[in-house]
Amino acid sequence: MTAAALPRIAVTLGDPAGIGPELVAKLLSDPANTAAARVLLISDERELAEAGEDAGTPLPYTTDAAKAEAEGLPLLLGEGASRPAAPFERKAATAAGGRWALDNLEVALGLAKSQEADAILFAPLNKSSLHLAGLSENDELRWFEVELGVEDFTSELNVLPGLWTARVTSHVSVAEVDAGITRERVVAAGRLLDEVLRESGLERPRIGVCALNPHAGESGRFGRHEIDIIAPAVTDLADAGLDVKGPFPSDTIFLRARAGEFDGILTMYHDQGQIAMKLMGFDGGVTIAGGLPVPICTPAHGTAFDLVGQGAANTGSIQNAFDIAVRIGAQRRAARQR
Ligand SMILES: NC(=O)C1=CN([C@@H]2O[C@H](COP(=O)(O)OP(=O)(O)OC[C@H]3O[C@@H](n4cnc5c(N)ncnc54)[C@H](O)[C@@H]3O)[C@@H](O)[C@H]2O)C=CC1
Ligand SMILES: NCC(=O)COP(=O)(O)O
């Protein structure tokens with residue numbers, strides 16, 4: 001691939017109090033990664049130095065665009081509007097850390113909107129920091145919607161090799177899940193999951209849909225969501241030509257997926273999918289912000305304050321997130337260049 005064809009990936013360090021900076025330093029100190037894409041780093045130099053110290057390896061970068069292009073070095077573009085905020089408190093949620101993380105993401109979104117970046121990779125955020133910083137949305141995906149003017153259904157997509165999940169509800173209180181399970185939302189989430197699986201290369205993705213209640217409601221005795229909402233939505237999706245089946249009891253559907261029966265699982269709420277996915281592949285899980293015009297990837301794990309400063313954070317998830325950002329970013333770039 002020529003240098004011009006390499007995807008441009010905007011990378012942020014996430015919450016500076018967590019393991020994100022260390023993970024980015026480890027990721028970008030691997031020459032195979034900097035050869036696979038042109039990296040646009042959004043940070044400040046002090047944070048990069050600290051990231052290198054945590055990782056036990058310096059994070060290579062340049063502020064010279066020509067040198068970055070010629071040598072394949074990450075190009076440091078500077079940080080978002082909150083400068084100069086560093087140094088940050090470590091291992092704790094703070095408003096300053098949350099603001100820095102959000103401001104840097106705003107720069108990344110700007111690069112994507114202007115098509116200078118083909119995809120975004122962010123290291124883990126801490127939602128408490130984001131809320132301390134004044135984020136009014138529950139999480140960054142709802143904030144991305146606002147920033148990008150997206151009104152259609154979005155969902156976090158969780159990805160392991162051979163299995164993707166989407167959620168009908170996500171970062172809300174369990175008390176709010178019930179109101180979020182509607183026929184329209186189940187259909188929208190099912191369509192989104194089918195679409196992204198097709199984009200990933202599957203011709204006819206096989207999707208299993210979770211029930212909400214124990215034993216899929218036991219014929220209505222333990223709840224009627226399956227009868228009144230989820231089964232009709234599955235029929236809508238099947239009538240539209242999708243290979244969608246369910247609802248199935250959620251305590252066993254992932255066993256069937258693991259045995260190869262499904263390419264995607266549609267879950268009704270966060271932990272229904274995430275407990276299974278993290279048990280099956282904690283060290284490699286990726287979260288993609290699904291339903292946006294820009295590919296945005298991040299590790300499925302969080303800021304792990306308990307690990308900060310030890311150099312012990314596992315890079316499997318951020319590596320997989322980077323690889324997916326590079327793959328989708330390259331497809332988008334190639335499509336634009338045609
Ligand atoms: N990509 C992102 O932005 C994500 C952010 N979060 C946020 O992270 C914050 C903390 O979430 P928690 O529930 O505490 O989960 P967490 O994933 O940060 O930590 C859970 C456990 O996993 C371990 N762990 C996490 N990443 C690891 C890694 N790379 N290598 C080795 N061990 C690792 C931690 O040490 C801890 O014991 C929350 O604010 C949450 O919303 C959670 C998931 C994804
Ligand atoms: N910041 C991404 C994120 O929160 C995804 O975490 P999860 O909801 O997939 O656990």
Side-chain angles (χ1 to χ4, degrees), residues 1 5-7 9 36-37 118-121 141 150 152-168 183-211 230-248 250 252-268 272-274 276-277 280-281 284-298 300 317 319-338:
M1 193 182 278
L6 287 174
I9 312 295
D118 303 301
I120 296 171
L121 170 76
L141 177 52
V150 171
D152 291 340
F153 185 86
T154 66
S155 166
E156 291 84 358
L157 306 165
N158 285 95
V159 184
L160 289 177
L163 184 63
W164 293 51
T165 61
R167 316 169 185 167
V168 178
R183 183 166 171 171
E184 293 70 28
R185 288 177 59 86
V186 175
V187 169
R191 282 188 180 281
L192 174 61
L193 184 55
D194 179 73
E195 194 181 302
V196 295
L197 283 166
R198 283 176 200 270
E199 278 169 13
S200 83
L202 296 178
E203 222 165 88
R204 190 166 158 74
R206 300 159 304 155
I207 294 176
V209 178
C210 290
I230 306 173
V234 169
T235 302
D236 291 344
L237 290 164
D239 287 349
L242 280 61
D243 184 351
V244 178
K245 297 189 176 70
F248 299 118
S250 61
T252 46
I253 190 172
F254 280 91
L255 295 173
R256 297 168 62 172
R258 194 175 58 175
E261 190 176 337
F262 302 116
D263 306 303
I265 302 261
L266 182 57
T267 66
M268 295 300 125
Q272 190 175 52
Q274 287 302 76
M277 293 295 269
M280 288 195 288
V286 174
T287 304
I288 304 177
L292 303 179
V294 178
I296 306 182
C297 304
T298 188
S317 289
Q319 180 67 59
N320 289 347
F322 179 76
D323 292 345
I324 292 176
V326 167
R327 181 172 56 72
I328 304 177
Q331 287 166 355
R332 301 268 170 129
R333 190 170 185 81
R336 263 210 319 278
Q337 288 177 342
R338 272 200 283 273

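The first residue of the sequence shown is numbered 1, and numbering continues consecutively from there.
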Rounded to the nearest 0.5 Å, how far apart are CD1 of Ile296 and OG1 of Thr287?
12.5 Å

Looking only at heavy atoms, which two atoms of Ser250 and Ala211 are closest? And how far apart?
CB-O, 4.1 Å

If you look at every heavy atom in Ala119 and Ala325, which pair is closest and at what distance?
CB-O, 3.5 Å

Do the side chain of Ser155 and the main chain of Ala189 share a donor and acceptor less than 3.5 angstrom apart?
no

Going by side chain to side chain donor-acceptor pair (under 3.5 Å), name the pairs with one or both residues in residues 321-331, residues two or more places apart or in two chains.
Gln319-Asp323

What are the two closest non-hydrogen atoms of Ser317 and Ala300, and how far apart are they?
CB-N, 4.4 Å

Taking side chain as C-beta onward, heavy atoms only, is Leu163 less than 4.5 Å from Arg258?
no

Could you tell me whether the side chain of Leu157 reaches within less than 4.5 Å of the side chain of Thr165, counting heavy atoms only?
no

Determine yes or no for a side-chain-to-main-chain donor-acceptor pair under 3.5 angstrom, with Arg191 supplying the side chain and Leu237 the backbone.
no

Applying salt bridge (charged side-chain N to carboxylate O under 4.0 Å, His left out), can you list everything that pairs with Arg336, at least two apart in sequence or on another chain?
Asp118

Using the salt bridge (Lys or Arg N to Asp or Glu O under 4.0 Å) rule, collect all pairs that involve residues 201-210, keeping only residues at least two apart or in two chains.
Arg206-Asp263

Between Val150 and Pro293 the two heavy atoms that sit nearest each other are CG2-CD, 3.6 Å

Let me confirm one number: the CD1-CZ distance from Ile9 to Phe322, rounded to the nearest 0.5 Å.
6.0 Å

Within the structure provided, determine whether Phe254 and Met277 are in side-chain contact (heavy-atom separation under 4.5 Å).
yes

Could you state the interatomic distance from CG (Leu141) to OG1 (Thr154), rounded to the nearest 0.5 Å?
4.0 Å

Test of understanding: with salt bridge (charged side-chain N to carboxylate O under 4.0 Å, His left out), list the residues that count as partners of Arg183, not counting sequence neighbours.
Asp236

If you round to the nearest 0.5 Å, how far is CD of Gln274 from CD of Glu156?
8.5 Å

Using a 4.5 Å cut-off on heavy atoms from C-beta on, say whether the side chain of Thr298 contacts that of Val286.
no

Quick one: are Cys210 and Ile265 in side-chain contact, heavy atoms under 4.5 Å?
yes

Is the shortest side-chain heavy-atom distance between Val244 and Val209 below 4.5 Å?
yes

What residues form a salt bridge (charged side-chain N to carboxylate O under 4.0 Å, His left out) with Arg198, not counting sequence neighbours?
Asp194

Any idea which heavy atoms bring Val186 and Ala233 closest together, and the distance?
CG1-CB, 3.5 Å

Just wondering, do Ile288 and Ile324 contact through their side chains at under 4.5 Å, heavy atoms?
yes

Salt bridge (charged side-chain N to carboxylate O under 4.0 Å, His left out) against Glu261, all qualifying residues, sequence neighbours excluded:
Arg256

Does a side-chain heavy-atom distance below 4.5 Å link Trp164 with Asn158?
no

Taking all atoms of both residues into account, what is the closest heavy-atom pair of Pro7 and Gly329, and its distance?
CB-C, 3.7 Å

